Amino acid sequence: MTQVWMDDKHRVGIMEREDGTLGNTYHPIEITDKEKREFSIIENKWFTTYNGARQFFRHETNDFIVQGRMKKVDVTIKIETFVLTE
């Protein structure tokens, strides 16, 4: 995980990961438990650009709503303690 952007309520976001084949990929994520710092990748989706992942949240049939603006989260603040859930 290289970067993470979260909405104002910290309910949904976008995670950037390095992929050996594709380079960097961007995944829409949903926080499943704030206290345990757990999140899941929404529908196993991935995009090759941040804007592609951002458009996922803007689609009219999407049930995931972004509250406010996506803001970059400082990944040096123990973001590694987030656990990827199925």
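In this chain, residues are counted from 1 in sequence order. Please read these numbers as outputs of a predicted model, since none were measured by experiment.
Note on Val66: it does not cluster hydrophobically with Ile41, by side-chain heavy-atom contacts below 4.5 Å among ILVMFWY residues. Both Val12 and Tyr50 are assigned to one and the same hydrophobic cluster, defined by single-linkage of ILVMFWY side chains at heavy-atom distances under 4.5 Å. Hydrophobic clustering places Val4 together with Phe39 (ILVMFWY residues linked when any side-chain heavy atoms are closer than 4.5 Å, directly or through intermediates).
Below 30°, between 30° and 60°, or above 60°: for Phe57 and Phe64 the angle between ring planes is above 60°, a perpendicular geometry. The aromatic rings of Tyr26 and Trp5 lie tilted to each other, with the angle between the two planes from 30° to 60°.
Interatomic distance, Leu22 CG to Arg17 CZ, rounded to the nearest 0.5 Å: 10.5 Å. The CD1 atom of Ile31 sits 8.5 Å away from atom NE2 of His10, with the distance rounded to the nearest 0.5 Å. Taking CG of Asn24 as the reference point, atom OG1 of Thr49 lies at 11.5 Å (rounded to 0.5 Å). Here the straight-line distance linking atom CE of Met15 with atom CD of Gln3 works out to 12.5 Å at 0.5 Å rounding.
In this structure Trp46 satisfies the ring-ring contact (aromatic ring centres under 6.0 Å, His included) test with no other residue, sequence neighbours excluded.
Here the shortest heavy-atom pairing between Ile14 and Met70 reads CG1-CE, 4.2 Å. Minimum interatomic distance between Asp19 and Thr25 (heavy atoms only, all atoms of both residues): CB-CG2, 4.1 Å.
A donor-acceptor pair is defined here as one N or O able to donate and one able to accept, closer than 3.5 Å; such a pair exists between the side chain of Asp7 and the backbone of Arg11. The backbone N or O of Phe56 sits less than 3.5 Å from a side-chain atom of Asn62, completing a donor-acceptor pair.
A salt bridge (Lys or Arg N to Asp or Glu O under 4.0 Å) check over residues 42-71, counting only residues at least two apart or in different chains, returns the pairs Asp8-Lys71, Glu43-Lys45.
Side-chain contact annotation: Glu18 with Thr2, donor-acceptor N/O pair under 3.5 Å absent.
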